[in-house]
Amino acid sequence: MTRGLDHPNEISAYMFSDYFKSLVTGAKPFAEIAPEADYNATAFIQWIETEMKSDKL
Amino acid sequence: MVGNKNYNHEAQNTLFLLTVISISGFSQEKHSTSPYVLIVQPIVLQSDEGTNPASMALPEELVDKAYEKAGVDFHFLEPLYYNNTKARDGKINLDEIVGEAQKAGMIKGQDDMVNMFFVDEVDGEQGPLGRGMMGGNLTFIALGDTLQNETEKLRNMQAFVIAHEVGHNLSLKHAVDDPNVSDTDPNIQGDGEFKDRIDPENSLNEYQIDIVHKSPLVHSRIDFLSKDIGRKAILDESFEPYFSKLQIREIAAFTQNKVPTSDVAEARNFAREKFAEAVAEFTADEKKCISFVTQKVIETLQVNDVTLMSQHPWRFIKIEDWLCGGFAHTRGTYIILSRKHIDHLCKGWSDQMTPEEEATLVERFGGLLVHEQMHSLQRTFTSKFTKLYSEYWNFKQAHVQDEQAIQVDQVSNPDAPIANWLIQDPKETDAFFWVRTLLKGDSEVPVMGKDFQDTVFYVKKKGASFAVQKDAANNLKSTTLDEIDFFKNPFQ
């Protein structure tokens with residue numbers, strides 16, 4: 001994720017796009033990010049589980 | 001103007017007057033693949049102080065069942081809470097409530113979604129009752145007392161009231177007034193037990209289904225706005241301000257036109273005209289390609305249970321390439337794609353793709369579509385994103401005092417028009433960083449992208465207010481994103 005740092009709306013949209021691509025390819029989401037980005041990426045996946053998935057709504 | 005005479009009201013059978021009505025929140029429990037979607041914006045009235053909200057219930061599954069034969073899925077957005085004691089308590093009439101709600105920015109959409117007000121009383125009458133505007137986009141629901149617990153009957157009643165009143169929005173008349181509907185069958189506009197009236201066996205007849213499909217409130221799940229409808233939709237500011245905040249230089253950049261006035265109000269009208277002018281008609285092939293990819297995206301999201309997005313309607317507006325540099329963006333619940341962007345993304349699409357080609361297309365084009373759909377969700381499920389930004393990522397939500405030097409060169413991101421998120425300075429509690437995209441140079445018509453630069457302003461909290469810091473010469477203090485790598489690197 002190299003664009004969209006001006007607003008968290010853009011950060012989350014870019015990150016979700018990356019997450020979606022991993023769903024299409026079957027890869028582990030955010031598998032290739034730098035170690036210092038791991039915390040935010042993991043938090044984002046947790047948030048998706050809690051806020052975007054049907055059984056948690 | 002909405003007149004009371006246009007609202008159909010249904011005083012409910014007293015059998016359920018004393019049943020318990022609990023606030024059930026909203027629920028999106030199933031994976032719907034209904035071909036049509038009806039968007040509902042719930043608006044819950046509460047006291048002027050923000051307490052004691054009216055009873056609200058959104059038994060989505062039951063309501064959907066009532067409209068199952070019409071293939072219509074009710075899609076409830078995150079409820080909004082509106083502080084207005086008199087409106088909640090039925091002390092002012094429906095026209096007055098609508099007028100005040102409009103001024104308060106509570107009414108959403110372009111007459112293409114239902115705004116559903118939950119109140120305690122309507123015109124002094126207690127619930128359960130409802131009033132749906134015939135052929136309109138407004139419905140009032142008073143669910144009544146919540147004293148006893150008869151869950152099944154209660155939910156059937158709640159679902160019926162919603163299905164019935166929205167039926168009026170969809171131009172359905174009471175069976176007794178409609179020669180095309182039997183008033184002996186338990187139809188949603190007829191008589192009988194609530195559970196029977198919402199049972200898909202009799203809830204709607206073919207004549208009613210035809211009327212429902214003609215309503216401007218009912219959209220295909222994947223929806224392509226015509227040029228005429230798109231011209232209105234692209235100007236939507238019901239979810240957040242955009243045109244009303246634009247500045248002259250950014251208008252020139254977005255429209256690639258010299259702005260013919262120095263008056264900002266006139267310039268904003270110029271922007272509205274140009275944005276509407278840019279809307280174009282989708283071709284049949286474009287619709288086919290976008291529908292194919294969107295359907296694949298929906299399936300991928302459903303398989304992975306990401307229902308918040310898969311169930312959200314996919315609504316597209318096409319624009320000419322000159323607007324906003326041809327960048328994909330969103331407004332309200334609409335995804336806006338330029339001609340060249342569609343051409344580029346649909347390159348490689350055909351009826352005879354190999355599985356590998358299909359996967360590549362879905363990854364590339366689908367990746368863009370979900371990015372844009374996130375922006376639509378950010379507007380319609382705001383609290384979820386507020387939680388992400390503040391609780392998971394530690395952003396600080398704040399309004400920073402306006403600075404003319406920033407405003408004049410601002411670039412309003414259509415997908416994030418309110419610049420109200422700050423980055424906490426890890427070294428100082430009351431210090432923050434504020435990233436703004438600004439226009440470089442002084443050309444009258446800046447170039448999209450090329451003339452953009454991200455600038456990071458130093459912000460201090462003083463008391464309850466947030467202000468950009470200034471140096472001894474009264475210049476705004478700023479830096480670059482590269483200088484705040486503690487923020488940048490964890491998002492790379």
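We name chains A, B, ... by the order of the sequence lines, and we start the count at 1 in each one.
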Review point. Between Lys384(B) (side chain) and Glu51(A) (backbone), is there a donor-acceptor pair under 3.5 Å?
Key: yes

Check your understanding: Asn40(A) and Tyr392(B): side-chain donor and acceptor closer than 3.5 Å?
Key -> no

Exercise for review: Answer with side chain, backbone, both or neither: which region of Leu377(B) has an atom nearer than 4.5 Å to a non-hydrogen atom of chain A?
Suggested key: side chain

Review point. Can you say whether Ser22(A) sits under 4.5 Å from chain B via the side chain, the backbone, both, or neither, judging by heavy atoms?
Key: neither

Practice item. For atom OH of Tyr39(A), decide whether the heavy atoms of other residues, nucleotides or ligands shown that lie under 6.0 angstrom number more than 12. Key: no

Practice item. Would you mind listing every side-chain hydrogen bond (donor to acceptor under 3.5 Å, both in side chains) that reaches into residues 327-337 of chain B, with sequence neighbours excluded? Key: Asp112(B)-Tyr334(B), Arg315(B)-Thr333(B), Thr330(B)-Arg379(B), Thr330(B)-Asp415(B)

Practice item. Determine the option with the most heavy-atom pairs under 4.5 angstrom with chain B, choosing from Ile48(A), Val24(A), Asp38(A), Ile33(A). Key: Val24(A)

Check your understanding: Can you list the steps and then say if Ile11(A) with Tyr389(B) is a side chain to side chain contact (heavy atoms under 4.5 Å, CB included)?
Key -> CA-CA 10 Å; Ile11(A) 296 172; Tyr389(B) 305 159; over 6 Å; no

Review point. Do His371(B) and Phe16(A) have ring centres separated by under 6.0 Å?
Key: no

Check your understanding: Just checking, any donor-acceptor pair under 3.5 angstrom between side chains of Ser12(A) and Gln378(B)?
Key -> yes

Review point. Above 12 or not: heavy atoms from other molecules or residues under 6.0 Å from NZ of Lys245(B)?
Key: no

Check your understanding: Where on Val297(B) is there a heavy atom nearer than 4.5 Å to chain A: the side chain, the backbone, both, or neither?
Key -> both

Practice item. Just do the side chain to side chain contact (heavy atoms under 4.5 Å, CB included) check on Val370(B) and Tyr19(A) with the steps written out, would you? Key: CA-CA 10 Å; Val370(B) 299; Tyr19(A) 174 83; over 6 Å; no

Review point. Is there a donor-acceptor pair closer than 3.5 Å between any side-chain N or O of Lys53(A) and the backbone N or O of Asn304(B)?
Key: yes

Study note, to complete from the structure: Checked Leu388(B), Asn394(B), Leu481(B) vs chain A; the most non-hydrogen pairs under 4.5 Å come from Leu388(B)

Point to revise | is_close_aromatic(Phe385(B), Trp47(A)), centroid dist under 6.0 Å | key: yes

Check your understanding: Once you round to the nearest 0.5 Å, how far does CG of Asp454(B) lie from CG of Asp6(A)?
Key -> 5.5 Å

Check your understanding: So, do Phe44(A) and Trp393(B) sit near enough that their side-chain heavy atoms are less than 4.5 Å apart?
Key -> yes

**Study point:** Non-hydrogen side-chain atoms of Met309(B) and Phe20(A) separated by less than 4.5 Å
**Key:** no

Check your understanding: So, for Asn9(A) and His375(B), which heavy atoms are closest and what is the spacing to 0.1 Å?
Key -> O-CE1, 3.4 Å

Review point. So what's closer than 4.5 Å to chain A heavy atoms on Asn489(B): side chain, backbone, both or neither?
Key: both

Practice item. Start with the C-alpha gap between Thr307(B) and Met52(A), add the side-chain angles, then the distance that decides, and say whether side chain to side chain contact (heavy atoms under 4.5 Å, CB included) holds. Key: CA-CA 6 Å; Thr307(B) 47; Met52(A) 293 188 82; over 6 Å; no

Review point. How long is the span from the CE atom in Met15(A) to the CZ atom in Phe491(B), to the nearest 0.5 Å?
Key: 6.5 Å

Review point. Going through the distances and angles, do Thr25(A) and Glu363(B) end up as a side chain to side chain contact (heavy atoms under 4.5 Å, CB included)?
Key: CA-CA 8 Å; Thr25(A) 60; Glu363(B) 185 184 350; 3.5 Å; yes

Exercise for review: For Ser17(A) and Gly367(B), work out which heavy atoms get closest and say how close.
Suggested key: OG-O, 2.8 Å

Practice item. Would you name the heavy atoms of His7(A) and Ala419(B) that are closest together and state the gap between them? Key: CD2-CA, 4.4 Å

Review point. Does atom NZ of Lys440(B) have more than 12 heavy-atom neighbours, drawn from other residues, nucleotides or ligands, at distances under 6.0 Å?
Key: yes

